[in-house]
Engineer: 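Next up is a structure, given as structure tokens.
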Amino acid sequence: MEKKEYPFKGITVNGFVMLLVLLVLLLVTLYFTGDNLISKDGGPECIIGVLICAILVICFKGFVLLEPNEARVMMFFGKYRGTFTKVGFNWVNPLINTKSLSLRARNLDAQPIKVNDKVGNPVMIGLVLVWKLSDTYRALFEIDSQTMAQGVGQIGKNVNGIMRALENFVKIQSDAALRQVAGQYAYDNNDAQVKEPTLRSSGNEVNKVLEQKLNERLAMAGIEIVEARINYLAYAPEIAAVMLRRQQAEAIISAREKIVDGAVSMVKMALDKLSDEEIVDLDDDKRAAMVSNLLVVLCGDDNAQPVVNAGTLNQ
């Protein structure tokens with residue numbers, strides 16, 4: 001999107017120099033005007049002196065003090081004349097109307113909201129983002145900050161009021177973008193064979209998409225997203241207990257699969273070793289019994305209770 005902001009190109013004078021000049025001129029004018037009034041022979045000169053004093057007082061309105069990462073939007077009788085960002089104490093045309101804006105980075109920690117993921121499961125999701133102004137023209141003239149103020153009142157030139165209005169705009173748009181992005185992904189992948197990105201397993205990808213959507217929505221207000229990240233993700237309370245049991249069941253099944261694989265490998269190794277070293281000759285029935293016993297011992301949750309057989313293998 002094309003940037004509409006441009007630097008202020010009007011006359012700018014060092015504020016300390018201009019302050020000294022105005023004070024000297026004001027004192028000189030007051031001195032001669034007072035002298036003419038006392039002498040009672042300077043009627044026109046007194047009127048001119050009063051007018052000069054009034055002009056000099058108006059000139060004091062032109063002083064502008066800016067800190068780093070602050071800006072003044074300059075308007076001359078309603079027409080945008082540029083954005084003033086020169087740090088320090090300066091003087092500009094006193095007839096120019098200015099509005100202050102902050103260019104510093106700001107943080108928004110959005111409270112978790114309930115949304116439906118791709119498969120319709122209700123989830124609670126929250127985000128934290130860092131944003132800043134990149135186009136002061138759009139921030140003031142492309143959106144109605146007064147309407148977004150919500151309880152701030154007439155914000156006028158108040159930089160805090162304007163920035164609070166922009167914060168409210170960012171909050172509303174971030175909620176909308178978060179709902180849109182969350183609806184494109186499932187919370188978790190139920191099928192391990194399907195390699196599909198999810199909210200829980202593909203955090204970096206989801207954060208990039210969220211940042212892109214936020215920049216698209218906030219560009220109209222001249223706002224740039226520095227970073228956007230999901231900082232809270234959980235199932236909604238009404239299904240959290242069921243989903244927890246499902247996750248526990250999946251974990252148990254996965255653990256059992258590993259145990260069975262290991263047990264079968266150990267049984268095979270034991271039978272092969274007994275056969276290769278001719279320690280004992282087992283028929284099919286004895287081999288089946290040994291396999292059964294070993295699997296019970298290796299796969300059981302409780303410790304095995306040994307039973308001593310005092311007879312022979314042929315009994």
Side-chain angles (χ1 to χ4, degrees), residues 3-106 132-146 149 152-167 221-224:
K3 189 173 184 179
K4 295 186 176 182
E5 174 190 291
Y6 58 86
F8 176 67
K9 299 179 181 179
I11 298 175
T12 305
V13 183
N14 183 280
F16 296 103
V17 174
M18 195 64 184
L19 179 61
L20 179 62
V21 171
L22 290 177
L23 288 175
V24 170
L25 290 176
L26 183 60
L27 291 174
V28 171
T29 303
L30 289 174
Y31 173 78
F32 283 106
T33 302
D35 185 59
N36 288 328
L37 287 174
I38 293 174
S39 62
K40 298 182 181 180
D41 59 354
E45 289 82 359
C46 290
I47 295 175
I48 294 174
V50 171
L51 291 176
I52 294 175
C53 288
I55 294 173
L56 292 175
V57 170
I58 293 174
C59 287
F60 278 95
K61 183 177 176 292
F63 290 106
V64 176
L65 178 63
L66 279 185
E67 298 179 359
N69 286 322
E70 286 188 350
R72 292 283 186 95
V73 176
M74 318 296 277
M75 293 175 291
F76 186 70
F77 293 101
K79 185 177 180 181
Y80 175 67
R81 304 297 295 173
T83 300
F84 187 73
T85 57
K86 187 177 180 180
V87 176
F89 186 50
N90 298 279
W91 182 89
V92 297
N93 185 348
L95 298 179
I96 290 180
N97 187 28
T98 67
K99 286 190 176 182
S100 300
L101 290 172
S102 174
L103 304 180
R104 298 183 177 99
R106 291 181 172 241
K132 65 179 181 179
L133 284 182
S134 61
D135 192 328
T136 57
Y137 180 92
R138 293 185 183 277
L140 278 182
F141 305 119
E142 294 288 326
I143 60 174
D144 189 358
S145 57
Q146 184 63 60
V152 177
Q154 293 294 325
I155 59 178
K157 300 179 183 179
N158 183 5
V159 61
N160 293 327
I162 296 174
M163 297 310 295
R164 280 198 297 271
L166 293 174
E167 285 179 357
I223 296 173
E224 175 189 356

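We're numbering straight along the sequence, starting at 1. Here the structure is a predicted model, which means the values were calculated and not measured.
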Engineer: Looking only at non-hydrogen atoms, find the nearest pair between L65 and R72 and report the distance.
Structural biologist: O-NH2, 3.9 Å
Engineer: For residues R81 and F8, report the shortest heavy-atom separation together with the two atoms involved.
Structural biologist: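 That would be O-CD1, 3.4 Å.
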Engineer: Can you measure from CE (M74) to OG1 (T12) and round to the nearest 0.5 angstrom?
Structural biologist: 7.0 Å
Engineer: What's the spacing between N97 CG and F76 CZ if we round to 0.5 Å?
Structural biologist: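 Taking CG in N97 and CZ in F76, the distance rounds to 11.0 Å.
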Engineer: Taking all heavy atoms of L56 and all of L22, pick out the closest pair and write down the distance.
Structural biologist: CD2-CD2, 3.8 Å
Engineer: What residues, two or more places apart in sequence or in another chain, satisfy salt bridge (charged side-chain N to carboxylate O under 4.0 Å, His left out) together with R106?
Structural biologist: E167
Engineer: Which heavy atom of P94 sits nearest to which heavy atom of C59, and what is that distance?
Structural biologist: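 Looking at all heavy atoms of both residues, the shortest contact is CG-CA, 4.0 Å.
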Engineer: To check you understand the geometry: which heavy-atom pair defines the closest contact between K61 and I96, and what is its length?
Structural biologist: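 For K61 versus I96, the nearest heavy atoms are NZ-O, 4.1 Å.
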Engineer: Side chain to side chain contact (heavy atoms under 4.5 Å, CB included), that's the test. Do L26 and C53 meet it? Break it down for me.
Structural biologist: CA-CA 6 Å; L26 183 60; C53 288; 4.1 Å; yes
Engineer: Would you please name every residue forming a ring-ring contact (aromatic ring centres under 6.0 Å, His included) with F16, sequence neighbours left out?
Structural biologist: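 Once residues adjacent in sequence are excluded, the partners of F16 under the ring-ring contact (aromatic ring centres under 6.0 Å, His included) criterion are F89.
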Engineer: Out of L25, V24, L23, which one pairs with V21 under the side-chain contact (heavy atoms from CB on, under 4.5 Å) rule?
Structural biologist: L25
Engineer: Taking I162 as the fixed residue, which of V73, L101, L133 is the one that meets the side-chain contact (heavy atoms from CB on, under 4.5 Å) rule?
Structural biologist: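 Result: among V73, L101, L133, L101 is the only option passing the side-chain contact (heavy atoms from CB on, under 4.5 Å) with I162.
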Engineer: At what distance, to the nearest 0.5 angstrom, does CE of M163 lie from CG of L103?
Structural biologist: 8.0 Å
Engineer: Could you work out, with salt bridge (charged side-chain N to carboxylate O under 4.0 Å, His left out) as the rule, every residue matching E142, not counting sequence neighbours?
Structural biologist: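 With sequence neighbours excluded, E142 shows a salt bridge (charged side-chain N to carboxylate O under 4.0 Å, His left out) to K4, given in chain and number order.
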Engineer: Are the aromatic rings of Y6 and Y80 close, with centres under 6.0 Å apart?
Structural biologist: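 So the answer is yes for these two rings.
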Engineer: Keeping the roles fixed (side chain from S134, backbone from G222), state whether a donor-acceptor pair exists under 3.5 Å.
Structural biologist: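 Yes, S134 side chain to G222 backbone: donor-acceptor pair under 3.5 Å.
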Engineer: Do the side chain of R138 and the main chain of I223 share a donor and acceptor less than 3.5 angstrom apart?
Structural biologist: no
Engineer: Check step by step if side chain to side chain contact (heavy atoms under 4.5 Å, CB included) holds for L166 and I143.
Structural biologist: CA-CA 9 Å; L166 293 174; I143 60 174; 3.6 Å; yes
Engineer: Any chance you could measure F84, atom CZ, to E70, atom CD, to the nearest 0.5 Å?
Structural biologist: 12.0 Å
